[in-house]
Participant: 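Below is the structure I would like to discuss, written out as structure tokens.
Labels below follow one simple rule: chain letters A, B, ... track the order of the sequence lines, proteins then strands, and each chain is numbered from 1.
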Amino acid sequence: MADKYTPQTIEAKWQQRWDDDGLYRSRVDWSRPKHYALTMLPYPSGDLHIGHWFAMTPSDARARYMRMKGFNVMFPMGFDAFGLPAENAAVQRNIHPKTWTYANIERMRKQLRSMGAMFDWTREAISCEPSYYKWTEWFFKIFYENDLAYRGEALVNWSPTLQTVLANEQVIDGKDERTGQPVVQKLMTQWFFRYRHYADEMLDFSKMDWPEPVKIMQENWIGRSEGARIVFKTEAGDPIEVFTTRPDTVWGATFMVLAPEHPLVEKITTDAQRADIHAYVERVARETELERTAEDREKTGVFTGAFAVNPVNDARIPIWIADYVLVNYGTGAIMAVPSGDQRDFEFARKFGLEIIPVVQPDDQPLLDGATMEAAWDGAGTMINSGPLNGIRANGEKGRKNPSVDAAIDYIEEIMVGKEAVNYRLRDWLISRQRYWGSPIPMVHCEDGTMETVPDDQLPVVLPDDVEFMPTGRSPLTYYAPFLNTVDREGRPAKRETDTMDTFMCSSWYHLRYLSPKYAAAPFDPEEAAYWLPVDTYTGGAEHATMHLLYTRWFNKAIRDLGVFDDARTIAAAHGRSADGLFDEPMMQMRNQGQILGEEREGDVVVATGRADGAKLFADYVEVIDRDQAEAARQQKPDAIVGQIMKRTENLLQVDDGGDTLRTIEVVQGATVVIPSIPGANNVNQLRQHLDIQRMSKSKGNVVNPDELVAQYGADTVRAYLMFGFDWSKGGPWNSQQISGVVRWLNDIWEIGTAEPPTGAGDPEVEREIERRMHQTIAKVGEGMESFSFNTTIAALMAFRNDLKTAIRDDKLSERAWRAALHEMLLLMAPITPHIAEELWEQLGFAYSIHEQAWPVYDADKAKSEMTTLVIMKNGKPVGHVEVPVDIEAEAAQEAALASDAAKRFLNGDKPKKVVFVPGRNGMEPKVNIVV
RNA sequence: GCCGGAGUGGCGAAAUGGCAGACGCGAUUGACUCAAAAUCAAUUGUCCGCAAGGGCGUGUGGGUUCGACUCCCACCUCCGGCACCA
């Protein structure tokens, strides 16, 4: 009898062996095709969780598959190590962010190794290492020197109490989550990158194999719109520029709206309106952008008292401010056309402003501004619009619309505006008023000018010996040894204290992986010439617009600054066309879903004590069986009996079957009885109900992969994650269903370690196994190509079933048995690398299975001679007949009409129509009889 | 609110417009066992029926088609993102 399958032993053994042999060391080899597989790098938050496994192990399986397909594969890993949580740890637990981060990295490295993934650890990159952020700073510098970085103003979440800028996640309902004090929006001078500079190029996805939804979301995020900029003037002569996609409706502009933060507001406001305007501006400062732009909200706004002149008809129109106009979109001001824009319409109705219809819809009574019920933005004919009257408005965007076309020509002719393109996309705000990020290599001189830090002084290093104040304010702003420096002339100067957005670090980490120790440049051009671009990038769809757009922008910016020039030359020297090679960072992109926490029932308790109103002060709480609840209710009518839906310390929210939850406070020294937990019990052991939701430590629903690996082994955990979910979707964790995968691998182990069969074999069964083998090769290959890991494993399990039956019935010769195992282990190798390697060795095949070629699919061997012809009545299956696989239409229709099933419902009548569907791609042929 | 996605047995899920539910979990019955676990065999969408067979079934309502989980329109619910969480 063979040994039992003990993954813990064999996995440790092979991981060590692969490591010793450098099996996954990826090296430039121009004689072989390359494949750069990349999975989003983790933030070192503490422990690896099951979500990391779900993201990484299928990506690893895919990378291993590509390797067996003959590619030279690079699959690196690293850490996105700057960020807010490290600073929170510093403030809350008095641990230095660096200490906290590196301790986490150390722990996570070990956990990552237990996956048995083919990570090439010699390429590990960590974004908070000075050798890494030196180049993050260097990139900032070249952006600055080439006018891609500039200083501008942007709103921040300002806590007047803490005198600190807060992250969006630290602000809840307009208040600081820690102190509960109000937070206001405040303008601050900060650093930006010219994100819009590449807006048009980023709209071109023609070279990329990316998910359609991601492309659509990026398109919408960039939000390109064509129209015109038109300059209105106040009565005092101050110009107010607006952007509009509908310059044809300018005759219908009956008022203007400025963003409350618009610089002109203070100047034009009349004394009579000043108090109202100030109050409104202050109120808007407390609103989030999401609130401001929500279209279902009641419109608010205040009249400034000032008037503007409509440049096309000299109409005197009032200027208002309102929160639905954003200072950072367009020009921060709009011409309001209430007859054509629903938001303007609602605003006009609420404040009694004039409405002039300018587009008359077809076949409808003439619109009247006084009685219109909604704005009309569809097609029609121009009215009330001077020279545009009678022109068609066809509802299309830009110049394709005759009325827009004519309007642009007209306003350009009379010189009040110009054709223009606007983007929803805003420039990239990279400033963070924080400590734990890459410093910005700029110096503020005494005379108010700025200069860059010279290259030979990079990186500007984050000081270690700083103290953190409980306010969360960045120590860089008050730590003198960092703050005080000199400029290039040696005069006293101050360092820039903002640090960079961590998206900056993650925009180029795939380049640092190429050569993490390279000192002369951000990456070794030889490595870049060979490995770039990334061939397959995998990660969560939650990064669709932000990270993925930033990294595309970054790539284009550094390409234009010549950063890839050396790599381009080297690629060309190796006969590789460099045309467009560096235009996009990642050619193929695929998303995985999220693993959510498992649903769990809470304990059912019987609680007795002193009732006080609706609340119960319990001195006795006992956990009982779920099905005993009814009996307990009858036995103890004074008690609260029900499931614990929520527990916060000693406060329980219990569902007793009534409409609302009951609150129970378990008093100090109360008796708590939990039969399933031996010994004395306390209130903290009571389990609350858990919904299906994202895993987080505070919810207590985190699944720890370490425990699963210790119990089942890495191969089983890998295979379960790939088998149990649709990878692109994810879903709630289920701890029960893993047993199917456990059984699968136990079966494989038993088959692989059994004594070879001694029988002569049954040629028919052996042929059938060969057929199934090749069908499996096809399915596994297709699954790997399309990231459908669950169907891949389903096919392997189905083959296991066939193989098991054949072996049980003693129908296989030793030769057929070995051939089947040989191919099957190769197909399993990417998914379950350890058990495949172990059995491969035990069967006497040459080390390493991971260096073998992928099995070749043979269509002839996969083919069967006979197949089932499905007979349908009006599209519903009613019977079958056996026919040759390559049956032609005529023969199939004849066979179908002659079948018992057809005779039964036809009753000798003639069918209305007969449709033959030939069998394709392993599907049965069908004949549909229409009656 | 806006943008994107999803909704299929008791559960995880599968299905280039062509037999809905492959592959698993669970459950039920039987075998082995003193017994349990493990394992093995069989059944398992649902309703009617002893059966043969038939009706109904992919969130809801409509449509296109010989044929719709799949395509189109409207709606409902849930999930992701919304620019300082990463």
Side-chain angles (χ1 to χ4, degrees), chain A residues 40-43 45 80 82-85 88 154 156-157 165-171 195 211-214 216-221 223 288-297 328 425-434 501-503 506 540-547 549-550 591 593-594 596 692-694 720 723-726 728-734 736-741 743-744 746 779 788 790-791 793-798 800-801 808 868 870-880 904 911-915 917-921 923-926 928-931:
Chain A
M40 288 179 186
L41 82 177
Y43 176 78
S45 55
D80 186 15
F82 277 133
L84 194 59
N88 287 339
V156 294
N157 299 312
V165 177
L166 299 174
N168 286 342
E169 69 159 9
Q170 295 174 312
V171 182
Y195 203 16
E212 217 49 46
V214 172
I216 294 169
M217 280 190 270
Q218 294 202 347
E219 246 172 59
N220 293 336
W221 188 262
T288 67
E289 192 175 318
L290 219 60
E291 289 163 358
R292 289 177 59 165
T293 51
E295 280 175 22
D296 58 344
R297 253 180 23 138
N328 49 19
L425 190 71
R426 308 206 284 257
D427 275 346
W428 179 5
L429 170 66
I430 59 130
S431 277
R432 297 294 180 267
Q433 292 72 35
R434 299 195 204 298
D501 179 6
T502 54
F503 277 125
S506 56
E542 64 272 21
H543 295 289
T545 49
M546 301 190 64
H547 161 63
L549 268 175
Y550 288 134
N591 298 123
Q594 272 184 354
L596 305 171
I692 294 171
Q693 55 188 325
R694 280 170 97 154
Y720 176 53
F723 176 66
F725 304 84
D726 171 348
S728 65
K729 229 164 76 184
W733 176 258
N734 184 321
Q736 230 175 31
Q737 309 213 7
I738 197 169
S739 48
V741 173
R743 284 181 198 141
W744 175 46
N746 279 332
K779 280 186 192 150
S788 309
N790 51 353
T791 55
I793 295 176
L796 286 165
M797 284 179 172
R800 173 267 321 251
N801 293 343
R808 182 195 62 198
T868 310
V870 180
I871 299 151
M872 295 172 146
K873 171 193 172 190
N874 295 339
K876 289 219 160 93
V878 289
H880 315 107
R904 210 181 309 133
K912 220 160 114 190
K913 192 173 175 184
V914 181
V915 182
V917 185
R920 286 164 298 185
N921 296 344
M923 270 185 291
E924 289 79 2
K926 288 150 201 95
N928 190 16
I929 302 168
V930 186
V931 293

Participant: Applying a 4.0 Å non-hydrogen cut-off, can you work out what A:Met40 is touching in the nucleic acid: base, sugar-phosphate, or nothing?
Facilitator: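 It contacts nothing in the nucleic acid.
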Participant: Between P on B:C85 and CD on A:Gln170, what's the gap in Å once rounded to a whole number?
Facilitator: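 For the pair A:Gln170 CD and B:C85 P, the rounded distance is 8 Å.
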Participant: When the P atoms of B:C40 and B:G7 are compared, how many Å lie between them, rounded to an integer?
Facilitator: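 Approximately 33 Å lies between the P atom of B:G7 and that of B:C40.
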Participant: Taking only side-chain N and O atoms of A:Asn790, does any of them lie within less than 4.0 angstrom of OP1 or OP2 on B:A14?
Facilitator: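 Affirmative; the distance criterion is met.
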Participant: Can you tell which of B:A86, B:C85, B:C23 lies closest to the side chain of A:Asp80?
Facilitator: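 The closest nucleotide is B:A86.
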Participant: Once rounded to the nearest 0.5 Å, what's the spacing between atom CZ of A:Phe723 and atom CG of A:Asn790?
Facilitator: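 One finds 8.0 Å between CZ of A:Phe723 and CG of A:Asn790.
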Participant: Is it the case that the base of B:G81 and the side chain of A:Glu542 share a donor-acceptor contact (distance under 3.5 Å, atom types as modelled)?
Facilitator: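 Side chain to base: no pair below 3.5 Å.
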Participant: Take atom P in B:G54 and the same atom in B:G63, then report the distance between them in whole Å.
Facilitator: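 Comparing P positions in B:G54 and B:G63 gives a spacing of 27 Å.
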Participant: What distance, rounded to whole Å, do you find between the two P atoms, one in B:U8 and one in B:C2?
Facilitator: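 Approximately 25 Å lies between the P atom of B:U8 and that of B:C2.
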Participant: Is there a donor-acceptor pair under 3.5 Å between the side chain of A:Gln218 and the backbone N or O of A:Ala544?
Facilitator: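 Such a contact is found between A:Gln218 side chain and A:Ala544 backbone.
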Participant: Find the partner of B:C82: check Watson-Crick (N1-N3 plus N6-O4 or O6-N4) and G-U wobble (N1-O2, O6-N3) distances, both under 3.5 Å, and reply none if neither fits.
Facilitator: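 The answer is B:G1, by the H-bond criterion.
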Participant: Do side-chain atoms of A:Asn157 reach the backbone of A:Val165 as a donor and acceptor pair under 3.5 angstrom?
Facilitator: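 Checked: no pair found.
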Participant: Of the options A:Ile871, A:Val878, A:Asn874, which is the one that meets A:Ile929 in a side-chain contact (heavy atoms from CB on, under 4.5 Å)?
Facilitator: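 With A:Ile929 as partner, A:Ile871, A:Val878, A:Asn874 yield a single side-chain contact (heavy atoms from CB on, under 4.5 Å), made by A:Ile871.
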Participant: Would you please classify the geometry between the A:Tyr550 ring and the A:Tyr195 ring as parallel, tilted or perpendicular, with 30° and 60° separating the classes?
Facilitator: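 A:Tyr195 vs A:Tyr550 ring planes: parallel.
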Participant: Ignoring hydrogens and angles, answer whether the base of B:C25 and the side-chain atoms of A:Gln736 contain a donor-acceptor pair closer than 3.5 Å.
Facilitator: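 Side chain to base: no pair present.
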Participant: To the nearest 0.5 angstrom, please state how far the CD1 atom of A:Ile738 sits from the CH2 atom of A:Trp744.
Facilitator: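 One gets 12.5 Å once the value is rounded to the nearest 0.5 Å.
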Participant: Pick one for B:G9: is it syn, with its angle within 90° of 0, or anti?
Facilitator: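 Syn.
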Participant: In whole angstrom, give me the gap between the C1' atoms of B:A14 and B:C25.
Facilitator: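 Roughly 15 Å separates the two C1' atoms.
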Participant: Quickly work out the A:Arg808 CZ to B:U39 C1' distance and round it to whole Å.
Facilitator: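 After rounding, the reported distance stands at 13 Å.
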Participant: Any strand is fair game: report the nucleotide pairing with B:A68 by Watson-Crick or G-U wobble, both distances under 3.5 Å, or none.
Facilitator: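 Its partner: none found.
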Participant: According to the Watson-Crick and G-U wobble definitions, with both distances under 3.5 Å, which nucleotide is paired to B:U28?
Facilitator: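 Partner of B:U28: B:A42.
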Participant: Let's see if you can work this out: which of B:A41, B:A83, B:C19 has an atom nearest to the side-chain heavy atoms of A:Trp221?
Facilitator: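 Nucleotide nearest to A:Trp221's side chain: B:A83.
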Participant: Which whole number of Å gives the distance between the P atom of B:A36 and that of B:A31?
Facilitator: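 After rounding to an integer number of Å, I get 11 Å for this pair.
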Participant: Would you say B:A38 has OP1 or OP2 under 4.0 Å from some side-chain N or O of A:Arg743?
Facilitator: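 No, outside the criterion.
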Participant: Applying a 4.0 Å non-hydrogen cut-off, can you work out what A:Gly730 is touching in the nucleic acid: base, sugar-phosphate, or nothing?
Facilitator: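 Sugar-phosphate contact only - A:Gly730 comes under 4.0 Å of backbone atoms but never of a base.
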Participant: Give me the distance, rounded to whole Å, that separates B:G59 from B:U77 when you measure between the P atoms they each carry.
Facilitator: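 16 Å, rounded to whole Å.
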Participant: Does the structure show a Watson-Crick or G-U wobble partner for B:U77, both distances under 3.5 Å? Name it, or say none.
Facilitator: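 Because both required distances fall under 3.5 Å, B:U77 counts as paired with B:A6.
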Participant: Can you tell me if the side-chain N/O atoms of A:Arg800 get under 4.0 Å from OP1 or OP2 in B:C23?
Facilitator: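 For A:Arg800, the contact criterion (side-chain N or O under 4.0 Å from OP1 or OP2 of B:C23) is not met.
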Participant: Taking the minimum atom-to-atom distance to the side chain of A:Asp726, which one of B:G18, B:A13, B:G80 wins?
Facilitator: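 Side chain of A:Asp726 sits closest to B:A13.
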Participant: Could you tell me how far apart A:Met546 (CE) and B:C3 (C1') are, to the nearest whole angstrom?
Facilitator: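 Going from CE in A:Met546 over to C1' in B:C3 covers 14 Å.
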Participant: What distance separates A:Met217 CE from A:Thr545 OG1, expressed to the nearest 0.5 Å?
Facilitator: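 Spacing of CE (A:Met217) from OG1 (A:Thr545) equals 7.0 Å.
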Participant: From the list B:A6, B:C19, B:C25, which nucleotide is the closest neighbour of the side chain of A:Met872?
Facilitator: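 My answer, after comparing the listed nucleotides, is B:C19.
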Participant: Could you tell me which nucleotide pairs with B:G53 by Watson-Crick or G-U wobble geometry, both distances under 3.5 Å, or answer none if nothing does?
Facilitator: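 Here B:G53 is engaged in a pair, and the nucleotide opposite it is B:C48.
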Participant: Can you see if the side chain of A:Arg432 gets near the phosphate of B:C85 - specifically, an N or O under 4.0 Å from OP1 or OP2?
Facilitator: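 Result: no.
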Participant: Pick base, sugar-phosphate or nothing for A:His543, based on heavy-atom distances below 4.0 Å to the nucleic acid.
Facilitator: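 Answer is base: heavy atoms of A:His543 come under 4.0 Å of a base.
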Participant: With sugar-phosphate meaning primed atoms plus P, OP1 and OP2, does A:Val165 contact a base, only sugar-phosphate, or nothing at under 4.0 Å between heavy atoms?
Facilitator: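 Contact class for A:Val165: base.
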Participant: Determine the interatomic distance between C1' on B:A6 and the same-named atom on B:U58; round to the nearest Å.
Facilitator: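 After rounding to an integer number of Å, I get 13 Å for this pair.
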Participant: For A:Ser431, answer base if it contacts any base atom (sugar-phosphate contacts may also be present), sugar-phosphate if it contacts only those atoms, and nothing otherwise; contact means non-hydrogen atoms under 4.0 Å.
Facilitator: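 Base contact.
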Participant: Please work out if A:Asn801 contacts a base, only the sugar-phosphate, or nothing of the nucleic acid, heavy-atom cut-off 4.0 Å.
Facilitator: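 The answer is sugar-phosphate, as A:Asn801 gets under 4.0 Å only of primed atoms, P, OP1 or OP2.
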Participant: Taking any heavy-atom pair under 4.0 Å as a contact, classify A:Trp744: base, sugar-phosphate, or nothing.
Facilitator: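 The answer is nothing, as A:Trp744 stays clear of every strand by at least 4.0 Å.
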Participant: Can you figure out which of B:G81, B:G4, B:A83 approaches the side chain of A:Thr545 most closely?
Facilitator: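 Nearest to the side-chain atoms of A:Thr545, counting from C-beta on, is B:G81.
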Participant: Which part of the nucleic acid, if any, lies within contact of A:Leu425, taking any heavy atom under 4.0 Å across all strands shown: a base, the sugar-phosphate backbone alone, or nothing?
Facilitator: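 Since a base atom lies under 4.0 Å of A:Leu425, the category is base.
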Participant: Would you mind pulling out the nucleotide paired to B:C23, Watson-Crick or G-U wobble, both distances under 3.5 Å?
Facilitator: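 Pairing partner: B:G12.
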Participant: Quick one: label A:Val156 by what it contacts on the DNA or RNA (base, sugar-phosphate, nothing), any heavy atom closer than 4.0 Å.
Facilitator: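 Result for A:Val156 = base.
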Participant: For nucleotides B:A20 and B:G67, find the distance between their C1' atoms and express it as a whole number of Å.
Facilitator: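 The same atom, C1', in both gives a distance of 14 Å.
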Participant: For a quick check, tell me whether the side chain of A:Asn928 and the base of B:C66 share a donor-acceptor pair closer than 3.5 Å.
Facilitator: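 Pair found.
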Participant: Using a 4.0 Å heavy-atom cut-off across all strands, classify A:Glu291 as base, sugar-phosphate, or nothing.
Facilitator: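 Here A:Glu291 touches no strand at all.
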Participant: Ignoring hydrogens and geometry, is there a side-chain-to-backbone donor-acceptor pair from A:Asn928 to A:Gly875 under 3.5 Å?
Facilitator: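 Yes.
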